[in-house]
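Both backbone and side-chain heavy atoms feed into the values below; hydrogens, waters and symmetry mates do not.
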Amino acid sequence: MDTSLSKNENEESSNLAVLMDVQLPVSIRFGETEMVLEEVVTLGVGSVIELNSGIDQPVELVVKNRVLARGDVVTIAGFYGIRITEITSAGERFKSLNS
């Protein structure tokens, strides 16, 4: 039996276990828009901002400015939540690093 492979697997599991307690900022993105500063400073209670995504489009789960998943908005006991419907591909996550 090759014990070096087993030792290597144990080290990787141990390293991963240490990372599991790391907290990351997670946010949900409904859409985006661009506004000139003049429009931003005139915003007030009741202002409406139009976003670039429709009501039927999935929202994005963003971790550290990277889109990791998409899903549908749900409510849970009076709070908003997201039902994940798609995990982004590794290529798409890599592409989001450059944006």
Side-chain angles (χ1 to χ4, degrees):
M1 182 200 284
D2 185 5
T3 57
S4 64
L5 180 61
S6 176
K7 181 180 177 187
N8 193 20
E9 288 176 351
N10 286 340
E11 287 177 7
E12 287 177 9
S13 293
S14 176
N15 290 340
L16 187 57
V18 169
L19 293 176
M20 290 300 170
D21 286 336
V22 174
Q23 292 189 4
L24 300 170
V26 176
S27 58
I28 304 303
R29 184 167 41 206
F30 286 83
E32 298 175 329
T33 193
E34 288 189 16
M35 300 172 71
V36 295
L37 182 57
E38 182 179 11
E39 293 172 323
V40 173
V41 297
T42 61
L43 292 175
V45 176
S47 296
V48 176
I49 301 170
E50 186 175 340
L51 302 175
N52 65 348
S53 59
I55 192 88
D56 58 339
Q57 291 181 306
V59 296
E60 296 174 327
L61 175 75
V62 180
V63 178
K64 302 271 300 176
N65 293 324
R66 292 167 181 82
V67 177
L68 293 185
R70 291 182 183 82
D72 302 321
V73 175
V74 296
T75 56
I76 306 164
F79 293 93
Y80 288 113
I82 179 173
R83 179 182 303 116
I84 295 176
T85 58
E86 172 192 356
I87 303 292
T88 57
S89 67
E92 192 174 352
R93 290 190 303 264
F94 181 75
K95 193 167 87 174
S96 75
L97 290 173
N98 298 325
S99 57

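- Considering every non-hydrogen atom in both Ile87 and Ile84, the closest pair reads CD1-CG2, 3.8 Å.
- Under the salt bridge (charged side-chain N to carboxylate O under 4.0 Å, His left out) criterion, Glu32 pairs with Arg29, not counting sequence neighbours.
- Residues passing the side chain to side chain contact (heavy atoms under 4.5 Å, CB included) test with Val74 are Ile76, Arg83, sequence neighbours excluded.
- Closest approach of Gly31 and Ser53 over heavy atoms only: CA-OG, 3.6 Å.
- Every salt bridge (charged side-chain N to carboxylate O under 4.0 Å, His left out) that Glu86 has, sequence neighbours left out, goes to Arg70.
- Remark: Thr33 engages Met35, Ile49, Leu51 in a side chain to side chain contact (heavy atoms under 4.5 Å, CB included) (not counting sequence neighbours).
- Within 6.0 Å of the CG atom in Leu24, the count of heavy atoms belonging to other residues, nucleotides or ligands exceeds 12.
- Listed by first and then second residue, the salt bridge (Lys or Arg N to Asp or Glu O under 4.0 Å) pairs involving residues 36-49 amount to none (not counting sequence neighbours).
- Contact detail for Thr88 and Ala69: the closest heavy-atom pair is CG2-N, 4.1 Å.
- In this structure, the side chains of Ile28 and Leu61 come closer than 4.5 Å at one or more pairs of heavy atoms.
- Annotation for Val45: hydrophobic cluster partners, listed by chain and number, are none (ILVMFWY side-chain heavy atoms under 4.5 Å, direct or chained).
- When hydrophobic clusters are built by joining Ile, Leu, Val, Met, Phe, Trp and Tyr residues whose side-chain heavy atoms come closer than 4.5 Å, directly or via intermediates, Val26 is grouped together with Tyr80.
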